[in-house]
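These notes concern the structure reproduced below.
In this text, all values refer to a predicted model and were calculated from it rather than measured experimentally.
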Amino acid sequence: MKNYDKFIREIHDIQRWLHTTIYSYGVATTDLTTKLTAKIDVEQSVANAFCDTGYNVYSLIQRLSTDNVKMCKELALIRSISALEVYLIDSIGEIYSSNKSPFMKKGEIEYQIGEILSCTDIKELHDKYIEKQCRQLHSGGFEEIIKFYKNRFDIDFAKFNTSINTNNYGLHQIKQYHQKRHLIIHRLGKTDEQYRKTFNTSDTVIKLDENDLNILFKLILQFAYYVNNKAETYVTTAPPDNRVSIKVEICDNSVGGVFDPSYAIPIQKNTSLPLSVLLEKIVYESENVFTVELHGVYSYLRKYYKILKKVASSGKLRILSFDTVSIISIKKPVKQYAWAEVETVIKLLPEKPWPKNIHKEIAQTLGWSNTKVFGIINNIVNEQPNMLHLTPKRKTLNIGDSFEITIDSQGISAEIIDWNTDNDRVATVNCGNIYAISPGTAHISARIPGTTNYDVCTIVVGEKNTIL
């Protein structure tokens with residue numbers, strides 16, 4: 001999901017900022033200590049640093065080596081937990097734009113009459129609904145987010161658990177980091193009796209050391225990965241199997257909304273797909289003539305094209321051309337199957353030549369329909385000749401490093417690949433982007449959906465020398 005990718009980038013940026021800032025403080029401290037030993041006058045430098053007089057070099061060294069470092073760690077925690085909450089809430093909107101089924105449960109929501117009457121269409125009312133839901137969650141905090149995910153998506157945060165440095169962590173520890181952020185912001189880091197009792201500690205102030213922040217980063221990254229995997233089941237995604245180019249001329253400006261990236265393409269009941277998922281770019285020839293370049297699953301492209309044809313039949317726009325550039329022919333859509341299902345069928349297929357009606361035998365063994373097994377076998381037989389090759393085959397990373405695998409196969413992009421890691425506690429993968437979490441070895445596999453074409457990259461993660 002897009003918001004998951006944004007969250008990963010944000011946490012990486014926070015980590016880089018923290019390390020580089022503390023490193024800079026260390027360099028400045030060393031420089032001041034050297035000048036002090038050499039009896040070089042640094043009075044003006046100290047005054048500039050504090051924007052005031054009356055301080056000496058020892059005050060500045062204390063500030064750089066202790067006070068500033070402590071504040072950096074606190075800011076990193078505040079920003080990281082805030083980023084996690086933003087990710088969780090923005091993902092709700094991302095799911096809503098694609099699939100409204102989880103939101104159809106019984107419930108009430110109040111609107112002012114003016115709010116309803118001011119809406120120009122049902123989409124605007126939908127937008128008001130999800131904005132109101134998300135705004136309430138921002139105000140309600142982490143506990144309300146937990147309840148919302150459980151009630152709407154049946155995603156139970158309490159079932160999350162992971163191991164970091166042989167210790168087990170879960171929702172309880174994530175709640176503790178939330179409370180630490182709250183106490184740092186509202187009590188300048190002083191703990192209260194409720195915090196000490198809930199988390200079984202005698203600390204009167206929040207203490208953040210190197211280990212605390214290392215665990216924080218690993219924990220929330222693994223938690224976000226857990227949530228993303230479950231939330232993705234609600235999101236309609238479209239791998240770029242096919243590409244089309246539609247040239248249009250606008251005859252009535254009122255139809256411009258169908259080219260807006262947020263335009264909802266109906267897929268099935270209560271499920272829609274934002275145009276942004278299919279839209280690659282729009283190339284303008286003039287104000288009213290432009291070419292829309294799309295990529296995605298054939299059936300989704302056809303649904304959108306039919307919408308444009310319906311608008312064109314009203315005379316509000318003209319379709320000047322429709323060109324197709326496809327990896328997979330659009331004459332007959334190729335159904336995609338989960339790799340686990342394909343792999344299950346492959347294991348049951350005997351050596352060629354296969355006996356007649358082999359698909360029926362396998363279907364009976366698995367309890368699946370004949371049509372489903374036939375479709376999977378047909379995909380295996382007609383798999384694309386372009387084999388998948390990853391570069392490199394092996395990569396060594398440090399904890400916290402990220403790395404993007406290269407696909408050395410013409411016409412195949414990372415977006416259409418089924419990515420998997422056999423050890424998400426060591427390294428995670430998202431669209432070819434690897435993130436190292438803890439020491440160990442993980443095998444990152446990539447497969448072309450519905451085929452036996454795959455390749456593997458081995459990731460070895462070692463310890464990283466931190467300077468916290």
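For R425, the salt bridge (Lys or Arg N to Asp or Glu O under 4.0 Å) criterion is met by no residue, not counting sequence neighbours. Under the rule for a side-chain contact (heavy atoms from CB on, under 4.5 Å), the partners of V27 that lie at least two apart in sequence or sit in another chain are Y23. Residues satisfying the salt bridge (Lys or Arg N to Asp or Glu O under 4.0 Å) criterion with D260, sequence neighbours excluded, are absent altogether. With sequence neighbours excluded, no residue forms a ring-ring contact (aromatic ring centres under 6.0 Å, His included) with Y177.
Considering all non-hydrogen atoms of both residues, R9 and R16 come closest at O-NH2, 4.5 Å. Contact detail for I155 and V227: the closest heavy-atom pair is CD1-O, 4.5 Å. The heavy-atom pair separating N423 from T441 by the smallest distance is ND2-O, 3.7 Å. Taking each heavy atom of L275 and V258 in turn, the nearest pair found is CD2-O, 3.5 Å. What you find for Y226 and D156 is that their closest heavy atoms are OH-O, 2.9 Å. Closest approach of F7 to A83, counting heavy atoms only: CD1-O, 3.6 Å.
The aromatic ring centroids of H12 and Y435 lie less than 6.0 Å from each other. The six-membered or imidazole ring of F223 lies away from that of Y169, with a centre-to-centre distance of 6.0 Å or more.
Within the 4.5 Å cutoff, the side chain of I78 has heavy atoms near those of the I184 side chain. Within the 4.5 Å cutoff, the side chain of I92 has no heavy atoms near those of the L88 side chain. Side-chain contact check for T33 versus I61: some heavy-atom pair is nearer than 4.5 Å. Put simply, the side chain of K147 does not reach to within 4.5 Å of the side chain of K150, judged on heavy atoms. Inter-residue side-chain proximity for E10 and R79 is flagged as met; some heavy-atom pair is nearer than 4.5 Å. Residues Y304 and V244 are not in side-chain contact: their nearest non-hydrogen atoms beyond the backbone lie 4.5 Å or more apart. Contact of the D424 side chain with the Q222 side chain is not registered, since no non-hydrogen atoms from C-beta on lie closer than 4.5 Å. Residues C457 and I459 are in side-chain contact: their nearest non-hydrogen atoms beyond the backbone lie under 4.5 Å apart.
Side-chain N or O atoms of D209 include one that pairs as donor or acceptor with a backbone N or O of D212 at under 3.5 Å. Side-chain atoms of N228 never come within 3.5 Å of backbone atoms of A224 as a donor-acceptor pair (strictly under, hydrogens ignored). Judged by distance alone, with hydrogens and angles left aside, the side-chain atoms of Q173 form a donor-acceptor pair with the main-chain N or O of G170 at under 3.5 Å. D422 places a side-chain N or O within donor-acceptor distance of the main-chain N or O of H443, the cut-off being under 3.5 Å.
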Walk me through it: do I405 and V429 pass the test side-chain contact (heavy atoms from CB on, under 4.5 Å)?
-> CA-CA 10 Å; I405 294 179; V429 59; 5.5 Å; no
For the pair L77 and I206, evaluate side-chain contact (heavy atoms from CB on, under 4.5 Å) and give the outcome as yes or no after the intermediate values.
-> CA-CA 11 Å; L77 184 145; I206 297 298; 5.8 Å; no
Would R196 and E193 count as a salt bridge (charged side-chain N to carboxylate O under 4.0 Å, His left out) if you check the C-alpha gap in whole Å, the side-chain angles of each, and the deciding distance to 0.1 Å?
-> CA-CA 5 Å; R196 293 192 291 269; E193 184 178 352; 5.7 Å; no
Does the salt bridge (charged side-chain N to carboxylate O under 4.0 Å, His left out) test come out yes or no for K35 and D31, once each step is laid out?
-> CA-CA 6 Å; K35 289 180 178 178; D31 179 63; 3.4 Å; yes
Go through E143 and K175 one step at a time and tell me if the salt bridge (charged side-chain N to carboxylate O under 4.0 Å, His left out) criterion holds.
-> CA-CA 9 Å; E143 291 294 339; K175 287 183 176 180; 3.4 Å; yes
Can I8 and T428 be said to form a side-chain contact (heavy atoms from CB on, under 4.5 Å), step by step?
-> CA-CA 11 Å; I8 295 296; T428 60; 5.8 Å; no
Start with the C-alpha distance between H138 and R135, add both sets of side-chain angles, then the distance that settles side-chain contact (heavy atoms from CB on, under 4.5 Å), and finish with yes or no.
-> CA-CA 5 Å; H138 275 297; R135 189 164 57 248; 5.7 Å; no
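With a 6.0 Å radius and a threshold of 12 heavy atoms from other residues, nucleotides or ligands, K393 has its NZ atom above the threshold.
For the atom pair I81 CD1 and I185 CD1, the distance stands at 10.0 Å (nearest 0.5 Å). In this structure, OG1 in T204 is found 11.5 Å from CG in D192, a value given to the nearest 0.5 Å. Taking OH from Y25 and CG from L64, the interatomic distance works out to 7.5 Å, rounded to the nearest 0.5 Å. Taking NZ of K180 as the start and OG1 of T191 as the end, the distance is 11.0 Å to the nearest 0.5 Å. Between T21 atom OG1 and M71 atom CE the span is 13.0 Å, to the nearest 0.5 Å. Note that CD1 of I437 is 10.0 Å distant from CD1 of I399, once rounded to the nearest 0.5 Å.
Sequence neighbours left out, the pairs with a member in residues 61-71 that pass side-chain hydrogen bond (donor to acceptor under 3.5 Å, both in side chains) are K70-E74. Each side-chain hydrogen bond (donor to acceptor under 3.5 Å, both in side chains) pair with one or both residues in residues 81-91, not counting sequence neighbours, appears once here: S82-R181, E85-H178, E85-R181.
Below 30°, between 30° and 60°, or above 60°: for F199 and H172 the angle between ring planes is between 30° and 60°, a tilted geometry. Aromatic ring orientation, F142 versus F157: parallel (interplanar angle below 30°, classes split at 30° and 60°).
The one candidate from H182, R187, K190, Q176 that meets the side-chain hydrogen bond (donor to acceptor under 3.5 Å, both in side chains) condition with Y195 is Q176.
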